[in-house]
2 protein chains.
Amino acid sequence: MTLDSRLSRMLHMLIHIDLHDGRATSETIAQMLGTNPVVVRRMMAGLREQGYVEAVRGPHGGWKLARDLADITVLDVHNALGSPSLFAVGLAVDHPDCPVERSVNAALGEIFEDAEARVTSRYGKITLADLIPG
Amino acid sequence: MTLDSRLSRMLHMLIHIDLHDGRATSETIAQMLGTNPVVVRRMMAGLREQGYVEAVRGPHGGWKLARDLADITVLDVHNALGSPSLFAVGLAVDHPDCPVERSVNAALGEIFEDAEARVTSRYGKITLADLIPG
DNA sequence: AAAATCATAACAGAAGGGGTTACATTCTCT
DNA sequence: AGAGAATGTAACCCCTTCTGTTATGATTTT
């Protein structure tokens, strides 16, 4: 796949941890996603630093949720993943002094900012508890 | 730059061709963008196939606009560039049968589709003539 | 002390894009 | 016809990003 699907996978992970008694090892999660435990730890690092999950070392350790799913929004997860921009389209900055480039970038930039604001606004209104199927 | 800025650069190119008597060689455009003539031809290929520009070979050749800038929208250019998706975020499809994955993807998918529809709608209302500074 | 588990660095491989070279093709001009 | 100017396109390299993997260290439980 050419698109960055980390947000989707991370939400998937967190909800499964919750459904799994709030505890799961990197190994377990990795098998669930068909990937490697190290990849899971890398992805989890941002969420750990932001206080959404805690890592417990040693036997019977693993990941546990530091908050209720109802207290974590999709926006929280998005930000914790360090997503730089939502858009696959950016603005060229080849000639910052060119009036044409400035005009083009002003028009596109406004559209992007508006769309990004709408998406993050909706992200902020969805908690992970809302995503539990049922 | 990590983001795909082809749309922005292509709009820039087309407007400059127009301001340059409607004619410009790949060499000229490449110098303007600080890139290579082959890169320009590659980018132009889609627009040529869609009939927005024409390539004239031989001496005094180059690219010319096949339509007035007022008759080309940003959406036309976006589509001609073959942009697959506007978003840098995608949906994981690791477990199509998993209810959690389906629930997550349904929620995110709706947000993306809505945002994408808004952006393309606005793209469709802006012609390249609108972007000429002045 | 042993085992389980996370933390992290390091490296390999795949994928995508851009830049470049090379060569073929087409067209104009003399 | 021939020279030269331009596009068309394939092929290659390089760079970046992401993922997967291995290896080593640190921490915790038993």
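The basis for the numbers below is simple: all heavy atoms, side chains too, and nothing from hydrogens, waters or symmetry mates. Throughout, a chain's letter reflects where its sequence line sits, starting with A, and its residues are numbered from 1.
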Would you give the length of the straight line joining atom [atom1] of [X] to atom [atom2] of [Y], rounded to the nearest 0.5 angstrom?
X	Y	atom1	atom2	answer
A:Q31	A:L33	CD	CG	11.0 Å
A:E101	B:M13	CD	CE	11.5 Å
A:I17	A:H12	CD1	NE2	11.0 Å
B:E27	B:M32	CD	CE	12.5 Å

Query raised in the report: Any side-chain N or O of A:R41 less than 4.0 Å from the OP1 or OP2 oxygen of C:dC6?
Result: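 Result: yes.
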In whole Å, I'd like the distance from the [atom1] atom of [X] to the [atom2] atom of [N].
X	N	atom1	atom2	result
A:L33	D:dT21	CG	P	13 Å
A:H60	C:dA4	NE2	P	10 Å
B:M44	D:dA6	CE	C1'	14 Å
B:K64	C:dC27	NZ	P	13 Å
A:R23	C:dA4	CZ	P	17 Å
A:R57	D:dT24	CZ	P	18 Å
B:M43	C:dG18	CE	P	7 Å
B:R48	C:dT25	CZ	C1'	13 Å

Query raised in the report: With no hydrogens and no angle check, is any side-chain donor or acceptor of A:T120 less than 3.5 Å from a backbone partner on A:A117?
Result: yes
Query raised in the report: Of the nucleotides C:dT26, C:dG18, C:dT5, which has the atom closest to the A:T25 side chain?
Result: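 Selected nucleotide: C:dT5.
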Report summary line: Winner on side-chain proximity to A:V38, out of C:dT20, D:dG20, D:dA23, is D:dA23
Report task. For B:G34 and for A:A55, find the nucleotide of DNA chain C with the closest heavy atom, then tell me which residue's nucleotide is more 5'. Result ->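 Result: A:A55.
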Requested in this report: Let me know, please, whether A:N36 or A:P59 comes out on the 5' side of the other along DNA chain D by nearest nucleotide.
Outcome: A:N36
Query raised in the report: Looking only at N and O atoms, is any donor in the side chain of A:R42 or the base of D:dG20 less than 3.5 Å from an acceptor on the other one?
Result: yes
